[in-house]
Amino acid sequence: PGVAESWTFSADGKTVTFKIREDVRFSNGPQVSAADVKFTLDRHLKSNSQSKNFLRGITKIEAPSKFQLIIQMDDRNVGILKALSRDQLG
């Protein structure tokens, strides 16, 4: 959520759509995009690290546009925002 300007949950609570802030940049200058966030989350989901446990239930991550990220989950997960806020996922 730190790089997100806003987010909305679907009516069934299984999908969250993030608008990624356009003013966030990496320390070396490039703008952070939804594809960058997707890459980071995918990396954690494929790892055997403890961070993967915080992302349990995510079934799909999409970056349909430069500043939109969509996360689909197998069930409602009210803790997903807190999980995505963890330093270890950066």
Side-chain angles (χ1 to χ4, degrees):
V3 299
E5 180 177 306
S6 61
W7 52 87
T8 56
F9 283 88
S10 61
D12 67 2
K14 294 181 180 181
T15 302
V16 59
T17 301
F18 294 90
K19 166 107 174 63
I20 303 301
R21 291 175 32 202
E22 296 182 27
D23 64 339
V24 177
R25 297 194 172 275
F26 288 104
S27 61
N28 63 345
Q31 193 173 37
V32 174
S33 70
D36 297 316
V37 177
K38 179 184 181 326
F39 175 85
T40 300
L41 293 175
D42 283 340
R43 182 186 62 172
H44 285 289
L45 285 169
K46 292 174 186 173
S47 76
N48 288 323
S49 72
Q50 180 183 12
S51 298
K52 181 178 181 176
N53 293 326
F54 297 107
L55 302 176
R56 268 184 302 212
I58 292 178
T59 57
K60 188 175 184 181
I61 303 172
E62 299 175 277
S65 66
K66 188 170 183 179
F67 298 109
Q68 183 182 45
L69 183 79
I70 301 171
I71 296 177
Q72 295 178 3
M73 300 169 286
D74 59 6
D75 202 0
R76 292 174 178 252
N77 181 352
V78 296
I80 192 67
L81 295 179
K82 184 174 183 179
L84 292 171
S85 298
R86 296 185 58 82
D87 290 344
Q88 292 88 343
L89 294 178

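- Using a 4.5 Å heavy-atom threshold, the side chains of Phe18 and Leu84 count as touching.
- The structure places NZ of Lys82 at 12.0 Å from CG of Asn77, a figure rounded to the nearest 0.5 Å.
- Among all heavy-atom pairs drawn from Gln31 and Lys66, the shortest one is OE1-NZ, 3.1 Å.
- In plain terms, the two heavy atoms of Ala34 and Leu69 that are nearest each other are O-CD1, 3.7 Å.
- For the pair Lys52 and His44, the minimum side-chain heavy-atom distance is 4.5 Å or more.
- Note that CD of Glu62 and CD of Gln68 are 9.0 Å apart. Values are rounded to the nearest 0.5 Å.
- Residue Met73 comes nearest to Gly13 through the heavy atom pair CE-O, 3.7 Å, listed as atom of the first residue, atom of the second, then distance.
- Taking every heavy atom of both residues into account, Phe67 and Val32 meet most closely at CE2-O, 3.7 Å.
- Residue Ile58 is not grouped with residue Ile70 when hydrophobic side chains (ILVMFWY) are merged at heavy-atom distances under 4.5 angstrom, including chains of intermediate members.
- With contacts defined as side-chain heavy-atom distances shorter than 4.5 Å, the pair Ile61/Leu45 qualifies.
- Side-chain contact between Gln72 and Thr15: present, with at least one pair of heavy atoms (C-beta onward) separated by less than 4.5 Å.
- The structure places NZ of Lys38 at 10.0 Å from CD1 of Ile71, a figure rounded to the nearest 0.5 Å.
- Put simply, the side chain of Ile80 does not reach to within 4.5 Å of the side chain of Trp7, judged on heavy atoms.
- The hydrophobic cluster containing Phe39 does not contain Phe54, counting ILVMFWY residues as joined when their side-chain heavy atoms lie under 4.5 angstrom apart, directly or transitively.
- Taken from CG in Asp12 to CG in Asp75, the straight-line distance is 9.0 Å, to the nearest 0.5 Å.
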